[in-house]
Structure formats: structure tokens, C-alpha cells
Protein chains: 2
Amino acid sequence: MAEDILRTLGYLALGSRMKRLGETLQAQTQALVADTGADLPAAQYPLLEALERLGPTKIGVLAAVLGVAQPGVTRMVDKLEAAGWVETQRDNDDRRVRTVRLTATAARMLDQARKDVWPTIEAAVADACATGTGPLLDRLAALEDALKEAPLARRAAAGRKGGEDGRS
Amino acid sequence: MAEDILRTLGYLALGSRMKRLGETLQAQTQALVADTGADLPAAQYPLLEALERLGPTKIGVLAAVLGVAQPGVTRMVDKLEAAGWVETQRDNDDRRVRTVRLTATAARMLDQARKDVWPTIEAAVADACATGTGPLLDRLAALEDALKEAPLARRAAAGRKGGEDGRS
DNA sequence: ACCAGATATATAACTAGGTATATAAAAGCC
DNA sequence: GGCTTTTATATACCTAGTTATATATCTGGT
């Protein structure tokens, strides 16, 4: 196993390291979702959840609540619309505004996921984050180690095998 | 100020949140580098540092020590080579292998940066990470808050204004 | 009413990541 | 030596971020 240089660089490579960890978490989350048999775009979960909470929302607001740049949200929305997760329309009072809402199908699938998929994922990620107590860099290192040792899917499987009184 | 939905989603949006934070850190780091008048590709610092430490290295090994996928490294190397930071050549004993090394100019600039740029950056990031003591999510939230309140460039400036006995 | 400035979103351009696969070269086996 | 399998990297395709700018629309002042 090669030495992990990002770790030795400490704060100097924190940005790179967090992006890497974010990629890992998203990939493992999507794999875990697939394991449950669900067909959900895990990476877009925050956007879908925002729509669930806020109801019909314009693109600029979505960008603000998600803390990302507007053009990215425009593209994400276009993609989700093409895939049938959201639908959009121009606002009658201001033709610049495009309002995004969940399709009925998407709302149902999210409702279902809220019951059986997201709790599994949340528990698995929390489990991975439970190790380590030190400062931020140590916590990141601990999380990286934890994910490498036992990807989320394995943690979820362990949770299921442990029975109903498992990981709460 | 819009509510930050990623925060409310806790572990469910940890991957997205880390990628966002990584983007923020890298952007602020590059701005801070520009403030110092240096012309360094901050996002490629880990790769350049790896070459500094390991000497001439093949692409697969770079991918391994950086913990990223090989095609990304190929692309990064191509870009750095075009910009004069690295040079590559085929290995005589194994024509599949491409060996990457720093150019002499790059080595000098990195040497200089090691003295005057990276310590500034490291201190600023460490400063931003210093707040908060709770579990990982709280630590991330604290870091996000800290970066929003005072971007790295401002932290570095505060460090310089504080004089030589400032932030150690 | 007209115009300048502000605003919302689309588009352009770029960066940086992933997985999958293609191509070439090396290694190992018979 | 010939063939099959493995390995290293390039390439294809896709995703997801950014900043900058274009386009259309709205707002407010005169």
C-alpha cells in the first residue's frame, strides 16, 4: 500500500483531501443505494430534499440553500428534468424565473426512501464517522481509514445482520 | 442568508458537503497564493510535492500515493507538462511506463514556495480549522463558518499584520 | 413613457474527478 | 518460440464543480 501523501501534507492538502473523501462517500453511497434495490440519484439527494422541503423553488434559491453556484444547479435541474425527477416552468409574474418542483413519481420515491433507504445510509456514514476523537485532520484520517476498511455497503449489511436493535 | 440545507441533512449529505468545502478551500488557497504574487498551481501542489519527494515517478505510482484514479493523473500530468512544470519520458526497460519528473524551474519555484508561500497557507488553514471541538459534523460546520467569516487571504493578512510573533 | 441599472437564468469555457475500455507492452506458461 | 494472461497508460464517456458572460426581463427614476 502506497503512502498517502495527502495525509502527510496536513493542512496544505486539506482541500484536495476533502474533495477526495467527498468523491469516496458519494460513490459508496450510490453503491449502497443500489444494494437496497432502489434507483435513486444519491448525489442529487440534497437538491431533491430541498425541493421536498421548500416546495416549488426557483433555481437561484436552490443554489443559495445548497451553497453552490447557479450554473451547476441549472445543469443539475436539466438533467433531473430529463430523467423525470423534476419538472420546471416559467413564472407568470417574472419570465426570467424558472420554478422547479418534484414530479409526483419522484415525491413518492423520496417518501419511500425516507423510510427505508436514507436511514440505512445515515447509519452507515455515522458509523464510519464514529472512530477517532482528535482534531479535524485526525478525524478526516480516521474517516478515510474507516471507509477503506469497511465501505458503507458493508456497514449497512452489518447493521442488517445485527438485527433490529442494532445501530441506533 | 438562505438556510444551508446540506447542514441540516447531516450525514446524508456529508459527501456533497465535503466536496463543497474542498472546492472552497482550493479556491481560497489559490487566491491566497495569488496575493503573495506567486504563480503556483495550488490544486496540483500535492502532485508536485509527491514528485519532489519521490523523484522521477511513474503515473500509476503517482495515482496510488495521491489516492486518486490513474486517468486523472494522466490528464494532470499532461497539463503540467504543457505548462512547463513537469517533463515525462518513456521508460527504457518498459515502454508502457511513463516517468514524470519536475522541471528544474519547477523545482526551484517549489523550493521557494516551501519557504515563503506554503507556511502562510498552512497557518491560514490551521487557523480556520482551530474553532470548534465537537464531532466531525460540528467540526465541518465550524470550518465552513470560519472560511465564510474570514477567507484564507484575510487570515494570512492578519497573520502578517500581527508581526513575526503572530501565529505559530 | 423612456431609459439605465439591476436581476434571473442560460450558456460558454474551463477544471477536476470518476468508471470503463482500448491499446501496447511485459510476464509467464507450455 | 508461441500463446495467453497480466499490466501500464491512454482514451472515451460521463459527472460535477467553478467563474465569466450573454440574454432576457424587471425595477425604479426622471
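Letters go in sequence order (proteins before strands), and every chain restarts at 1.
- With sequence neighbours left out, Thr103(B) forms a side-chain hydrogen bond (donor to acceptor under 3.5 Å, both in side chains) with no residue at all.
- Two residues, Thr74(B) and Glu23(B), neighbour DNA chain D, and the one matched to the more 5' nucleotide by heavy-atom proximity is Thr74(B).
- Interface residues of residues 76-92 of chain B facing DNA chain C, ordered by number: Met76(B), Lys79(B); criterion, heavy-atom separation under 4.0 Å.
- Rounded to whole Å, atom P of dA26(C) lies 9 Å from atom CG of Asp93(B).
- Residue Ser16(B) comes nearest to Ala43(A) through the heavy atom pair OG-O, 4.2 Å, listed as atom of the first residue, atom of the second, then distance.
- The CG atom of Leu62(A) sits 13 Å away from the C1' atom of dA8(C) (whole-angstrom rounding).
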Produce a footprint string for nucleotides 19-24 of chain C: one letter per nucleotide, 5' end first; B if the base is under 4.0 Å from any protein heavy atom, S if only the sugar-phosphate is, - if neither. BB---B
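- Judged by distance alone, the side chains of Arg98(A) and Thr74(A) never bring a donor and an acceptor atom under 3.5 Å apart.
- Applying the ring pair (Phe, Tyr, Trp, His ring centres under 6.0 Å) test to pairs two or more places apart or on separate chains, none has a residue in residues 52-72 of chain A.
- Cluster annotation: Val100(A) is connected to Leu54(A) through the hydrophobic network of ILVMFWY side chains, with a link wherever side-chain heavy atoms come within less than 4.5 Å.
- Within residues 41-58 of chain A, the residues having any heavy atom closer than 4.0 Å to DNA chain C are, in order of number, Lys58(A).
- For DNA chain D, the span of nucleotides reached by chain A at under 4.0 Å from its heavy atoms goes, 5' to 3', from dT15(D) to dC26(D).
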